[in-house]
Amino acid sequence: MATQLQRTSTSDRYFAALAVAERRALHSFFDQHIVEDEELGYLALDEGDYNALPAHLAARVVHTIHGAMLDEF
């Protein structure tokens, strides 16, 4: 039985993380960050999960999407 490995390009991982961050931002008060990771490529992080991002993560942020929920009612 042959096994196929599915390889994902770096740009595919970036756009997948971007899509996740954009969806989360619509329903969050917190900014969504796309962080570059040596092993995983790119991943989306919610700033609310970390309070303030630790320096080792903040240094690897490549894009930020601002949270879209407003608390003005």
Side-chain angles (χ1 to χ4, degrees):
M1 181 173 177
T3 304
Q4 276 188 330
L5 286 176
Q6 183 179 12
R7 293 192 175 196
T8 309
S9 73
T10 304
S11 60
D12 288 342
R13 290 183 206 153
Y14 173 80
F15 288 116
L18 179 63
V20 169
E22 287 176 338
R23 279 194 309 270
R24 285 183 187 171
L26 292 174
H27 307 285
S28 179
F29 293 106
F30 300 102
D31 292 343
Q32 307 297 312
H33 303 288
I34 299 174
V35 176
E36 187 173 16
D37 183 76
E38 290 178 7
E39 295 176 12
L40 301 174
Y42 294 93
L43 57 128
L45 294 178
D46 188 318
E47 190 173 274
D49 292 341
Y50 291 90
N51 293 326
L53 283 180
H56 72 281
L57 289 177
R60 296 185 291 155
V61 170
V62 294
H63 188 68
T64 298
I65 299 160
H66 299 291
M69 287 191 68
L70 298 176
D71 196 20
E72 298 177 3
F73 291 103

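Residue numbers run from 1 in the order of the sequence given. Remember, it's a predicted structure, so these values are computed and weren't measured experimentally.
The heavy-atom pair separating A17 from A44 by the smallest distance is O-CB, 3.7 Å. Contact record, Y42 with R13: CB-O, 4.0 Å, taken as the closest heavy-atom pair. D46 approaches R24 most closely through the heavy-atom pair N-NH1, 4.0 Å.
Note: L57 CG to D37 CG = 9.0 Å, rounded to the nearest 0.5 Å. Rounded to the nearest 0.5 angstrom, E22 CD and I34 CD1 are separated by 7.5 Å. For the atom pair L53 CG and R60 CZ, the distance stands at 10.5 Å (nearest 0.5 Å).
Side-chain atoms of D31 come within 3.5 Å of backbone atoms of G67 as a donor-acceptor pair (strictly under, hydrogens ignored).
The side chain to side chain donor-acceptor pair (under 3.5 Å) test with E47 singles out one residue from H66, Q32, H33, and that residue is H33.
Residues V61 and L43 share a hydrophobic cluster, clusters being chains of Ile/Leu/Val/Met/Phe/Trp/Tyr side chains in contact below 4.5 Å. Both V62 and L18 belong to a single network of hydrophobic side chains, linked directly or stepwise wherever heavy atoms of I, L, V, M, F, W or Y lie under 4.5 Å apart. By the criterion of side-chain heavy atoms lying less than 4.5 angstrom apart, applied directly or through intervening Ile, Leu, Val, Met, Phe, Trp or Tyr residues, V35 is grouped together with L40 in one hydrophobic cluster.
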